[in-house]
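See structure below.
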Amino acid sequence: MSNSHGNYTSARQQLISFLQSQGYQTHPNEVFCPSMGHCWVDVAALKESEYWAFEYKSRTDSIRRGVEQCCSYAKAFNYVVLVADRCRLSSSRYFFHLVHQGFGLWRHDGVKFYRIVNPKRHAIDTRHRAVIERQFRRVPKNLDSVRATQMSEWLHYSSVETSRPPA
């Protein structure tokens with residue numbers, strides 16, 4: 001969800017609270033994802049040593065764009081879930097594409113979250129994962145300091161921390 005949307009903060013906090021009640025360790029800020037085109041995951045979480053990415057889509061946000069974002073996040077996160085505040089998410093023309101790609105689909109009605117499709121585990125790129133792990137180890141005090149970091153710095157740190165050559 002675009003963070004300029006009026007309900008973004010509220011919806012994001014509801015999602016974080018729900019995930020915490022389900023045993024997830026959530027990152028307090030949006031998390032930088034070093035994959036092509038889509039840089040910030042709405043909510044990133046850790047559960048039982050598996051990293052999860054949650055992309056929230058409001059009624060005014062594009063599910064098509066959500067598909068692209070989820071594909072990007074799947075390079076660094078074991079599980080990716082698209083959360084939408086639509087009653088008929090399963091009637092979206094992108095529904096079967098999301099399911100085929102192994103992404104989870106949840107619906108949010110403004111109060112509760114409903115699991116429609118469980119995500120499948122994705123194989124990840126270790127260079128991308130290193131960036132995610134580092135952000136969970138070093139939780140920043142405020143989001144502005146993270147956004148001020150240039151992308152080249154995130155990618156540089158990732159290549160320095162990963163001693164293995166790419167597969």
Side-chain angles (χ1 to χ4, degrees), residues 1-48 50-122 124 128-129 131-132 135-136 139-140 142-149 151 154:
M1 173 191 276
S2 167
N3 58 9
S4 62
H5 187 274
N7 293 328
Y8 175 77
T9 303
S10 174
R12 185 175 181 283
Q13 189 54 52
Q14 286 179 10
L15 180 57
I16 287 171
S17 295
F18 173 75
L19 292 172
Q20 289 172 342
S21 75
Q22 300 296 306
Y24 292 84
Q25 174 193 344
T26 58
H27 196 281
N29 299 317
E30 291 181 350
V31 169
F32 174 79
C33 186
S35 52
M36 303 295 279
H38 304 288
C39 300
W40 298 96
V41 177
D42 287 335
V43 177
L46 179 63
K47 185 172 186 179
E48 299 173 1
E50 303 283 323
Y51 287 90
W52 292 67
F54 294 88
E55 182 60 31
Y56 192 96
K57 292 295 172 195
S58 70
R59 292 179 193 273
T60 59
D61 208 351
S62 166
I63 294 287
R64 178 177 177 231
R65 186 168 161 263
V67 172
E68 296 167 4
Q69 290 169 297
C70 288
C71 288
S72 294
Y73 304 157
K75 296 174 186 173
F77 290 86
N78 299 108
Y79 297 96
V80 178
V81 177
L82 183 118
V83 182
D85 68 355
R86 292 163 174 79
C87 292
R88 299 178 191 228
L89 179 60
S90 59
S91 65
S92 166
R93 65 181 177 188
Y94 302 105
F95 177 80
F96 289 107
H97 182 71
L98 288 159
V99 171
H100 179 71
Q101 292 293 320
F103 305 130
L105 297 168
W106 292 7
R107 184 174 69 83
H108 180 228
D109 67 5
V111 178
K112 295 174 78 176
F113 293 90
Y114 304 90
R115 292 178 175 98
I116 296 171
V117 176
N118 288 324
K120 294 182 182 169
R121 190 175 193 284
H122 289 94
I124 50 91
H128 291 171
R129 170 55 67 79
V131 174
I132 305 307
Q135 289 174 84
F136 271 82
V139 176
N142 65 46
L143 186 57
D144 293 333
S145 66
V146 174
R147 290 193 188 265
T149 304
M151 282 189 194
W154 288 106

- Item | Flag, side chain of His27 to backbone of Gln135, donor-acceptor distance under 3.5 Å | yes
- So how far is it from His108 NE2 to Asp85 CG, rounded to the nearest 0.5 Å? 8.0 Å
- Rounded to the nearest 0.5 Å, how far apart are CZ of Phe95 and CG of Leu82? 11.0 Å
- Note on the structure: Closest non-hydrogen atoms of Ala76 and Cys33, given as atom of the first, atom of the second and distance, are CB-SG, 4.0 Å
- Message: Surrounding CD of Glu48 (heavy atoms of other residues, nucleotides or ligands, distance under 6.0 Å), is the total greater than 12?
- Response: no
- Which of His128, His122, Glu55 passes side chain to side chain donor-acceptor pair (under 3.5 Å) with Tyr73? Answer is Glu55
- Task: Would you mind reporting whether Asp109 and Arg107 have side-chain heavy atoms less than 4.5 Å apart?
- Result: yes
- Query: Considering residues at least two apart in sequence or located in another chain, which fulfil the side chain to side chain donor-acceptor pair (under 3.5 Å) criterion with Arg93?
  - Reply: none
- Output field: ring centroids Trp106/Tyr114 closer than 6.0 Å: no
- Which of these passes side-chain contact (heavy atoms from CB on, under 4.5 Å) with Tyr51: Asn78, Ile124, Val41? Asn78
- How long is the gap from CZ on Phe77 to CZ on Arg121, to the nearest 0.5 Å? 13.5 Å
- Task: Supply the atom-to-atom distance Gln20 CD to Gln25 CD, rounded to the nearest 0.5 angstrom.
- Result: 9.5 Å
- Look only at the side chain of Ser21 and the backbone of Phe18, and say whether a donor-acceptor pair between them is shorter than 3.5 Å. yes
- Message: If you count every heavy atom of other residues, nucleotides or ligands that lies below 6.0 Å from Arg64 atom CZ, does the total exceed 12?
- Response: no
- Nearest-0.5 Å distance, CG of residue Leu15 to OG of residue Ser10: 11.0 Å
- Query: Can you name the nearest heavy-atom pair linking Tyr79 to Pro119, along with the distance?
  - Reply: CD2-CG, 3.8 Å
- Taking C-beta and beyond as the side chain, do Val43 and Tyr56 meet within less than 4.5 Å on heavy atoms? no
- With a 4.5 Å limit on heavy-atom distance, are the side chains of Tyr24 and Phe54 in contact? yes
- Task: Answer whether the closest heavy-atom distance between the side chains of Trp52 and Glu50 falls below 4.5 Å.
- Result: yes
- Task: Using side chain to side chain donor-acceptor pair (under 3.5 Å) as the criterion, list what pairs up with Gln101, not counting sequence neighbours.
- Result: none
- Item | Point-to-point distance, once rounded to the nearest 0.5 Å, from NZ of Lys57 to CZ of Arg65 | 4.0 Å
